[in-house]
Amino acid sequence: MNAESRKKALRFLFQKVIDPLGYKFSPDEELVDFLLDQEVILEQKHGIPYCPCQGLTKKREENMKIVCPCIPFHREHFDAMKRCWCGLYVHKDVTNPDELKQIPMTEIKGG
Amino acid sequence: MNPVNGRSSWVFVIEDKKLQENSVNLVFPKGLSILLIKSAGQIYAVSNQCAHMGCGLAGGSLKGHTLQCPCHDWRYDIRTGEFLDAKEIRIPMYQWWLENGRIFINIEEGDRS
Amino acid sequence: MKVFMYTLSTCPWCRKTKNFFKSNNIPFDYVDYDLRPEDEQEKIMEKMLKISGAGSFPVVMIGERVIVGYNPEKYSEVLGLKKGAVA
Ligand code: FES
């Protein structure tokens, strides 16, 4: 399958997942395009569209928590940042994703 | 009251005696892909399609009331259709009706009967 | 100060992080986790989990300080760069 049509398909599938969670695709189209490119490559390699910004391990249980969209498994963390780790998704009210930071969970928990 | 009479959205799918306890039965009323599951004597009818990327849940595993997708392990409560890790996401449930040992499904999505 | 980072070849924020250090002429070493053999990945992940409790990239080490995520303000602060560092 060609990459462009797979990207479109992933967008369509993931939109349905993130919408009820209060998220949308980032308005940063260039970033979205790049990340979906990477996911298509990861999917071709592993059969699964993993997050391009989190590391795979040998443990299936852990890997399943970073399959895109991984919001359900990192809800507290992502809600605090108003974006997911890789930035593919942001809270629906976000208009300027550049203002959002990557903050590790340890810092969020620590206040 | 019998909801099935004269209502075209109700479709016969399987005989009750063919439903095994704690197993997942795939039926295709009018081309829809629906799972009939009997658990603790109760029947549940849920969509076969995973809310994540659409994998068939029929190939997944059932433990108690939890059905796990074979593709990326998303887990659902078959009593409500809810995805266990984010209850805002759910798979459609279907009403069913048992009459003379025959099970009918209402192919219009809705709350469990 | 020695700068070292764990990155992924697929992650845009890791690229931005590398670019930040390049643009500010700060030499650094890095390991692209996803391009390393499995046994090495395992060791790296173990370290990362100790540091941040997660497998999220990038992880940037500047001297003794560890910064998880793309955060040019923090990098500048730790490096003692003046405001106006190229992000
Ligand atoms: S398609 Fe079911 S968990 Fe991904």
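First the proteins, then the strands, lettered A, B, ... as listed; each starts at 1. A quick note: this is a predicted structure, and the numbers were derived from the prediction, not measured.
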Next on the checklist: I'd like to know if A/Glu62 pairs up with A/Lys65 as an ion pair, taking the criterion as any Lys NZ or Arg NE/NH1/NH2 lying under 4.0 Å from an Asp or Glu carboxylate oxygen.
Outcome noted: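 So A/Glu62 pairs with A/Lys65 through a salt bridge.
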Checklist entry - Does the side chain to side chain contact (heavy atoms under 4.5 Å, CB included) test come out yes or no for B/Asn25 and B/Ile37, once each step is laid out? => result CA-CA 6 Å; B/Asn25 304 269; B/Ile37 300 165; 5.9 Å; no
Item to check | Best-contacting candidate, A/Arg75, A/Lys16, A/Arg60, against chain B by heavy atom pairs under 4.5 angstrom | outcome: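 The residue among A/Arg75, A/Lys16, A/Arg60 with the greatest pair count is A/Arg60.
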Checklist entry - Step by step, would you call B/Tyr76 with B/His65 a ring pair (Phe, Tyr, Trp, His ring centres under 6.0 Å)? => result CA-CA 8 Å; B/Tyr76 298 92; B/His65 292 112; over 10 Å; no
Tell me, side chain or backbone of [X] under 4.5 Å from chain B's heavy atoms, or both, or neither?
X: A/Leu10; answer: side chain
X: A/Pro49; answer: side chain
X: A/Phe12; answer: neither

Checklist entry - Do B/Phe104 and B/Trp97 have ring centres separated by under 6.0 Å? => result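 No, ring centres 6.0 Å or more apart.
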